[in-house]
Amino acid sequence: MIKITFPDNKVREYESGINGYDIAKSLSNSLAQEILSISVNDELWDISRPINIDASIKLFKWEQTEGKHAFWHSSAHILAEAIEFYYPGTKFGIGPVIENGFYYDVDLPEGIILTDNDLPKIEQKILELSRTKCVFVREDISKAEALDFFTKKNDPLKLELINELEDGTITLYKQGNFTDLCRGPHLPDSSFIKAVKLLSLAGAYWRGNEKNKQLTRIYGITFPKQKLLEEYLILLEEAKKRDHRKIGKELELFAFSQKVGAGLPLWLPKGAMLRERLEQFLKKVQKKYGYLPVITPHIGQKELYVTSGHYAKYGADSFQPIHTPAEDEEFLLKPMNCPHHCEIYKLKPHSYRDLPIRFAEFGTVYRYEQSGELHGLTRVRSFTQDDAHIFCRPDQLKEEFLKVIDIVLYIFKTLEFKDFTSQISLRDPNNKEKYIGSDENWEKAESAIIEAAAEKGLNTVVELGEAAFYGPKLDFMVKDALGRKWQLGTIQVDYNLPERFELEYMGSDNTKHRPVMIHRAPFGSMERFVAVLIEHTAGKFPLWLTPEQAVILPISEKYNEYAKKVENLLNNCDIRTLIDDRNEKIGKKIRDNELKRIPYLLIVGEKEEQTETIAVRKQSEGDKGSMTIEDFTNLIKKEVDEMLEEHN
RNA sequence: GCCGAUGUAGCUCAGUGGUAGAGCACUUCCUUGGUAAGGAAGGGGUCAUGGGUUCAACUCCCAUCAUUGGCUCCA
């Protein structure tokens, strides 16, 4: 007999050799039906694997990640089996579980190219194989046996993987006609899989290295119930509706032109208005925090970037140099604003009393992103950073970090980004040589960031080895509608540029010292920020930000004149208002303007004209009744003030 | 850059080896309507660009450009 300890610390005795499924069954039949995987002494196991020792266990259902993990992992094997059925001779790479589903990287036989049209038949085969209730059989083998097996199978990719494994830890899983190298765990059999959708095909380099062979990657997702798949597909559709590229086009915020060039966004009037408002908003905050505005050109001499080191590091990936009639003269489009700001700092000597100095600029920069990297407004070749560089003494680092974090948090709060994460990137402690700057400075900077983040109550992840070579950093990330993570704000310490530009200040000891630089951009870039904001709000921007706050809808042409009067009054009160005087019925006008995400619709007809009022309809809430124009302007002002209210 | 897909009217999308279609939008007319689509008529396209095959190409082939899913999830 063995002792099994459950998560609630209850202990029950079972016969040695019992498996997870039977344990679940001993608790309840319905539970047994739902169990997908088990952890035995914190190690994930198949529920069909016999347990011969005293152990503490946890049982996992579909609702738990561990349960989904086993489910999708097994699904990946069935996908592989289906592929091997249609394309014998295929070599298999890896087939891991991902956040939503799984994929398998395969090297198809010479001359076979998969297209989307091939996916349905593979899906059908997967369902067919699932219905046969194929059992997943686990087998422990030696490294030599594993090498032998995959040599016979002629699968060099698996051999490469096995060669990196230690002897004695190798397991195979077999189901039907397919055997795969796999750590597990798996479902007991394939019949759990009731619904499948192969989502997309993509090329993927073996082990993510572009020097390696490109394999075909097949993405898929499976579910234990057809209904869950349907719900998931609806979710995907909903997410697509929030896509900033779609909404940006619908609301005429931005566009691209093939003739202007790929990755070079054109901000249309409404988008530009929105962006300007965001910029004004940040400028006001920055002024309060002691930032000084600067403006620098879009190009700079090549020498500037040689000094900064950007030319050596990014020169090849940037736009080609600009030549002038003067011989040997070369300019670059600026990929960064910092070198220009360093030159401004250098214009005059600084005392320790002057620091920190904070130069801020909405600086447009240009980088030649690879064509395949371009994506809407989130990955472009021309973008504007809400950039600032803080030149400070090392002992001021923490204080400055606290202030920048305050700005970021204020922005996130105002724009209602509640679901964000932050990451502290530190040096790789085992590889200190690859970083510039003294040990002492690094330690100071790293603890300044960690302490500042902790003081502000940030929920942070610390990543060792993720720091830039020139200093540690703190990044803020949010997710877009499709669950993709985007980095927005960033705060980076830099020891490199002050060194390269030989920046100095006079210390209290009357000797020269080197300042530290902080790069920071709370939005990151205006382009990316607006993109994420569009997806976050589904185009329903906050009242203070939206291009048009109210549209006046006359019931008929007879009230156009009164509508004009109302428009003037509201615009005089700085409420951005338009009239929709098309010859359409009121229902039609309401529908169209709701679709344009106008926050307030003001309906005026006979009643309103006579009583000098407007009938107010709020976006997605409906009729709010009639009120005077003065009441309405007060309402708007109050709403805007509340949104922008500063926290302390 | 590489692998797959896509490119037809302002927008969303059908379509065929033999002179191009729908809905919405737009223009005009009727209608003057009270909280998410009133009716009629009309204008609008070098079918991404450049080559090739063919009596004939928007359609088939090749190239280019652009858009798009992916190329970091480690058996």
Side-chain angles (χ1 to χ4, degrees), chain A residues 69 73 76-77 80 92-105 108 113-119 146 150 155 157-165 169-173 180-184 199-219 243 245-246 249-250 252 255-263 317 368-376 482 484-485 553-560 582-595 601-608 615-626:
Chain A
H69 199 280
H73 208 156
H77 282 222
F92 293 90
I94 58 171
V97 172
I98 54 178
E99 206 174 325
N100 289 302
F102 55 90
Y103 66 77
Y104 218 115
D105 281 349
L108 292 159
I113 294 168
L114 278 189
T115 73
D116 293 343
N117 299 331
D118 299 315
L119 297 181
F150 284 100
D155 198 329
L157 303 176
K158 291 291 179 195
L159 288 173
E160 191 180 325
L161 294 171
I162 294 165
N163 273 316
E164 289 168 22
L165 295 175
T169 62
I170 294 172
T171 50
L172 296 183
Y173 276 84
D180 202 356
L181 171 70
C182 186
R183 175 165 34 192
L199 297 161
S200 66
L201 284 168
Y205 297 105
W206 173 233
R207 321 204 98 185
N209 185 339
E210 61 183 297
K211 294 198 177 79
N212 289 341
K213 180 163 189 182
Q214 182 149 319
L215 309 178
T216 303
R217 174 170 298 181
I218 303 156
Y219 283 90
D243 191 314
R245 295 165 298 188
K246 182 177 152 66
K249 197 184 269 183
E250 278 169 10
E252 297 181 2
F256 291 89
S257 147
Q258 202 167 322
K259 203 153 191 176
V260 172
D317 300 326
Y368 193 82
E369 300 288 350
Q370 290 192 88
S371 59
E373 293 283 355
L374 300 177
H375 177 92
L482 299 169
R484 288 179 287 214
K485 265 192 189 173
L553 312 180
I555 294 282
S556 83
E557 284 168 15
K558 284 190 263 178
Y559 313 106
N560 281 356
R582 291 173 306 159
N583 180 8
E584 294 290 352
K585 290 173 97 165
I586 197 68
K588 169 75 166 160
K589 291 191 194 183
I590 287 170
R591 176 181 155 81
D592 288 351
N593 285 287
E594 282 276 351
L595 290 174
L601 302 182
L602 311 175
I603 292 142
V604 295
E606 188 178 4
K607 212 164 46 185
E608 288 73 24
V616 177
R617 188 183 208 280
K618 192 169 183 183
Q619 176 186 61
S620 49
E621 284 181 29
D623 197 350
K624 292 278 162 191
S626 290

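When reading the values below, keep in mind they use all heavy atoms of this one structure, side chains included, and skip hydrogens, waters and symmetry mates. So that the names make sense, note that chain A is the first sequence line, chain B the second, and so on, each numbered from 1.
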Inset, instruction - Please examine the side chains of A:L161 and A:R207, heavy atoms only from C-beta on, and report whether any two atoms are closer than 4.5 Å. - result: yes

Inset, instruction - Just jot down the side chain to side chain contact (heavy atoms under 4.5 Å, CB included) partners of A:E606, sequence neighbours excluded, or say none. - result: A:Y559, A:Q610

Inset, instruction - Between A:Y559 and A:H73, just flag the one whose closest nucleotide in RNA chain B comes earlier from the 5' side. - result: A:Y559

Inset, instruction - Would you tell me if any nitrogen or oxygen in the side chain of A:H375 comes within less than 4.0 Å of OP1 or OP2 on B:G69? - result: yes

Inset, instruction - May I ask you to test the A:D180-A:K158 pair for a side-chain heavy-atom distance under 4.5 Å? - result: yes

Inset, instruction - With rounding to the nearest 0.5 Å, note down the distance linking SG in A:C182 to CD1 in A:I170. - result: 12.5 Å

Inset, instruction - Taking atom P in both B:U32 and B:G38, compute the distance separating them and give it to the nearest angstrom. - result: 15 Å

Inset, instruction - May I ask you to say what A:A202 touches in the nucleic acid, namely base, sugar-phosphate or nothing, with a heavy-atom cut-off under 4.0 Å? - result: base

Legend entry - Spacing of CG belonging to A:L159 relative to CZ belonging to A:F150, to within rounding of 0.5 Å: 8.0 Å

Inset, instruction - Please name all residues satisfying side chain to side chain contact (heavy atoms under 4.5 Å, CB included) with A:K558, sequence neighbours left out, ordered by chain then number. - result: A:S556

Inset, instruction - State whether the side chain of A:E608 and the backbone N or O of A:G605 hold a donor-acceptor pair below 3.5 Å, judged by distance alone. - result: yes

Inset, instruction - Taking only the side-chain heavy atoms of A:L374 (C-beta and beyond), determine which of B:C71, B:U67, B:A75 contains the nearest atom. - result: B:U67

Inset, instruction - Would you check if the side chain of A:K618 reaches a backbone N or O of A:K624 as a donor-acceptor pair within less than 3.5 Å? - result: no

Legend entry - Polar side-chain atom of A:K589 near backbone of A:I555 as donor-acceptor pair, under 3.5 Å: no

Legend entry - A:L595: side chain to side chain contact (heavy atoms under 4.5 Å, CB included) partners, not counting sequence neighbours: A:R591

Legend entry - Side-chain N,O (A:Y219) to OP1/OP2 (B:C71) below 4.0 Å: yes

Inset, instruction - Output yes when at least one side-chain N/O atom of A:S200 is less than 4.0 Å from OP1 or OP2 of B:G70, else no. - result: no

Legend entry - Spacing of the C1' atoms in B:C26 and B:C65 (rounded, Å): 30 Å

Legend entry - Per A:E373 side chain, nearest of listed nucleotides B:G34, B:A75, B:G1: B:G1

Inset, instruction - Check if the side chain of A:Y368 and the base of B:G1 share a donor-acceptor pair of N or O atoms closer than 3.5 Å. - result: no

Legend entry - Letter per nucleotide, 5' to 3', of nucleotides 35-42 of chain B [B base touched, S only sugar-phosphate touched, - untouched; heavy atoms, 4.0 Å]: BBBB----

Between the protein and nucleotides 5-13 of chain B, list every N/O to N/O distance that falls short of 3.5 Å.
{"from": "B:U12", "atom 1": "OP1", "to": "A:K249", "atom 2": "NZ", "distance (Å)": "3.2"}

Inset, instruction - Answer with base, sugar-phosphate or nothing: what part of the nucleic acid does A:G101 contact at a heavy-atom distance below 4.0 Å? - result: nothing

Inset, instruction - Quick one: the dot-bracket string of RNA chain B, using Watson-Crick and G-U wobble pairs with both distances under 3.5 Å, [ ] for crossing pairs and | for bases paired to another strand. - result: ((((((((.[[[[.)..(..]]]].(((((.......))))).....[[[[[..)....]]]]])))))))....

Inset, instruction - Choose from B:A66, B:G4, B:U68 the nucleotide whose nearest atom is closest to any side-chain atom of A:R245. - result: B:U68

Legend entry - Nearest-neighbour nucleotide for the A:E606 side chain, B:A75, B:G34, B:C26 considered: B:G34

Inset, instruction - Map A:G605 and A:G203 onto RNA chain B by nearest heavy atom, then report which one ends up closer to the 5' terminus. - result: A:G203

Legend entry - Among B:G69, B:G34, B:G33, the nucleotide that comes nearest once only the side chain of A:S556 is considered: B:G33

Legend entry - Gap separating the OH atom of A:Y205 from the CG atom of A:L215, nearest 0.5 angstrom: 11.0 Å

Legend entry - Between B:U12 and B:G69 - P atom distance, rounded Å: 15 Å

Legend entry - Worked verdict on A:E160 versus A:K213 for salt bridge (charged side-chain N to carboxylate O under 4.0 Å, His left out): CA-CA 13 Å; A:E160 191 180 325; A:K213 180 163 189 182; over 6 Å; no

